[in-house]
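To start, the structure under review is shown below, and the notes come after it.
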Amino acid sequence: FLSLWPLICAINHFLLTNLRSCTLLDYRWEEERATDGSKWSFLEHKGPVMAAPYEPLPSNVRFFYDGKQMKLSPEAEEVATFFAKMLDHEYTTKDTFRKNFFKDWRKEMTSEEKSKITDLKKCNFNEMGEYFKVQSEARKAMTKDDKLKIKVENERLLQEYGFCIMDNHKERIANFRIEPPGLFRGRGDHPKMGMLKRRIRPEDIIINCSKGSKQPKPPTGTKWKEVRHDNKVTWLVSWTENIQGAIKYIMLNPSSRIKGEKDWQKYETARNLKKCVERLRNQYREDWKSKEMRIRQRAVALYFIDKLALRAGNEKEEGESADTVGCCSLRVEHINLYPEKDGQDFVVEFDFLGKDSIRYYNKVPVEKRVFKNLQLFMENKQPEDDLFDRLNTSILNKHLQELMDGLTAKVFRTYNASITLQQQLKELTTDENLPAKILSYNRANRAVAILCNHQRAQPKTFEKSMQNLQTKIDAKKDQLSDAKRDVKSKKAVERLEEQLMKLEVQATDREENKQIALGTSKLNYLDPRISVAWCKKWGIPIEKIYNKTQREKFAWAIDMAEDDYEF
DNA sequence: TTAAGGACTTAGCAATCGCGCG
DNA sequence: CGCGCGATTGCTAAGTCCTTAA
């Protein structure tokens, strides 16, 4: 294997460079597209990689019920291992999780097991849990050669299943592996946490490819649920998941033509909004005065979406998922009104759980008319009543569609994120050294992340890593003063000063960033042409802003944007 | 008009990678 | 050369919005 590796790398490199030059040569971003709603005319792929089959535990790894050893049937044992693997996780202490798990686990038991195992508290999974810990330690301690074997096998799988042919292009597939079975982990206070996510069989899977293509073969002795040839959609494989009954898809990587073009289109729609946003703002200000309640509600909601970059807020079925809201689904209990607070007039305090149960907390002064309207909307309502009872996302989006072609609520997030980046870059970038410019970029990015409420848990290692950095800074300062004493080494002093500045910038950046996630806005909300243009204008290598994956995703923008690009 | 189904984008966290350091 | 950490990637849940059907 060691001798094979360089060859594999060489082949891989050849393929990648070949693909890249292909992109450059044929300008696939500028190819003509069909107008009949079809997404492709040829699609060929190898189908999904199925999850690895269950391997029963060795007989020395035991399960105990009520203190007594018990040999479980393979089906019940598999589900038990899912729980055992999560023993250290907070999830397994939660009532809902345990209840859902136990209910679903019992469904997999033989009738004998079912009659014996009646109380989760009496189940002892410790040996199983230990076994998996030892296994994962062993994996970490594997020899180089064994690690390489795994790497080679993964690479082989990627080469075989990780690509497809769509309309003359070899494209990378995003998620070509079928999700393995396990226990459902919802986010936040999810009523279904702990339920069994069942194993997906070939009989559950729908394959989508073109008629003339070589069809993917199901594993021997099995059949696909269906093979269809629908070129009005972009997915290659789909199946229905058993927790929410939702459909899951295998689709292409963001670097693909089909995703890139869609992304480009998204930013073009946002730029169209830029052209008419003042008109729209005047319109909703007028509508605050409407004699119709539904119009006032629509106008106030739109104002929030525009000013605060709130999500649309579709209705959700109660009890099916965590209780989270967006703009249209805000309830009376999610806001507080203060005619005067901290020296500001007409302050609205927002406090609610948004997507992924991330808390949105914000205090904002608003126009008097908005404030009065909110008071009106809240009159005679209970805390759990809808704030905008005459509004939903479908009504709002229908209205937006009339104001501008292609306009929906989420376009405001894209527009406000991108315009903020552009403005902030203009404001913050100074003609300093490279690290200072990068810091400016990150600060502009950060302003957007704060606007969009993209948070992350403070890394567990944050305090320590800040300390380490401080130690480095102190050491560098010492070095510097030593060097300064030594009159001969003027060059060395300069170099040390630069290194020290770099470290200090890094520390500032990291501190400001501890609870903010920049990745989401960078990947989904910021027109990449703004960043490409900024790099060109200031002579900054694009690699400083975008890593390899990001450069692949934004290849279209890197190809087309010049230094004078205006969002 | 509403509900359900379907397709696609957006999201944070966990696992893994790979680089700089002693 | 191994270790530890930050960076990157993988995973899949959770949104948005459109279409279809009753």
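As a basis for the values below, the full set of heavy atoms in this structure was taken, side chains included, without hydrogen atoms, waters or symmetry mates.
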Checklist entry - ring pair (Phe, Tyr, Trp, His ring centres under 6.0 Å) with A:Tyr131: which residues, sequence neighbours excluded? => result none
Item to check | Strand contacts (DNA chain C) in residues 303-321 of chain A, 4.0 angstrom heavy-atom criterion | outcome: A:Arg311, A:Ala312, A:Gly313, A:Asn314, A:Lys316
Checklist entry - Taking any atom under 4.0 angstrom from a heavy atom of chain A, which nucleotides of DNA chain B are the first and last to qualify, 5' to 3'? => result B:dG6 to B:dG18
Checklist entry - Hey, can you pull the residues of residues 188-204 of chain A with a non-hydrogen atom under 4.0 angstrom from DNA chain C? => result A:His190, A:Lys197
Checklist outcome for this item: Residues at least two apart in sequence or cross-chain that pass ring pair (Phe, Tyr, Trp, His ring centres under 6.0 Å) with A:Tyr546, listed by chain then number, are A:Phe554
Checklist entry - Applying salt bridge (charged side-chain N to carboxylate O under 4.0 Å, His left out), which residue pairs with at least one partner in residues 232-254 of chain A are found, sequence neighbours left out? => result A:Glu179-A:Lys248
Checklist entry - Are any side-chain N or O atoms of A:Arg98 and backbone N or O atoms of A:Thr92, one a donor and one an acceptor, separated by less than 3.5 Å? => result yes
Check nucleotides 6-8 of chain C for protein N or O atoms closer than 3.5 Å to its own N or O atoms and list the pairs.
unit_1: C:dG6; atom_1: OP1; unit_2: A:Ser465; atom_2: OG; d: 3.0
unit_1: C:dG6; atom_1: OP1; unit_2: A:Arg510; atom_2: NH1; d: 3.4

Checklist entry - Mind checking what makes ring pair (Phe, Tyr, Trp, His ring centres under 6.0 Å) contact with A:Tyr303, not counting sequence neighbours? => result A:Trp288
Next on the checklist: Strictly by side chain to side chain donor-acceptor pair (under 3.5 Å), give each pair with a member in residues 318-331 of chain A just once, sequence neighbours left out.
Outcome noted: A:Lys192-A:Glu320, A:Lys316-A:Ser321, A:Lys316-A:Thr324, A:Asp323-A:Arg331, A:Arg331-A:Glu333
Checklist entry - Considering only heavy atoms, which members of residues 436-452 of chain A lie under 4.0 Å from some atom of DNA chain B? => result none
Item to check | Those residues of residues 173-185 of chain A lying under 4.0 Å from DNA chain C by at least one heavy atom | outcome: A:Arg177, A:Glu179, A:Pro180, A:Phe184, A:Arg185
Checklist outcome for this item: ring pair (Phe, Tyr, Trp, His ring centres under 6.0 Å) filter on A:Tyr91, not counting sequence neighbours, yields A:His89, A:Phe97
Checklist entry - Hey, does A:Arg413 reach any base, or is it just sugar-phosphate, or nothing, if we go heavy atoms under 4.0 Å? => result sugar-phosphate
Item to check | Candidate pair A:Phe304 and A:Phe350, rule ring-ring contact (aromatic ring centres under 6.0 Å, His included), full reasoning | outcome: CA-CA 11 Å; A:Phe304 285 161; A:Phe350 292 83; 5.0 Å; yes
Next on the checklist: If you assign A:Ile247 and A:Asn524 each to the DNA chain B nucleotide with the nearest heavy atom, which residue ends up on the more 5' nucleotide?
Outcome noted: A:Ile247
Item to check | Nearest-angstrom distance from the residue atom CG of A:Asp323 to P of C:dA13 | outcome: 20 Å
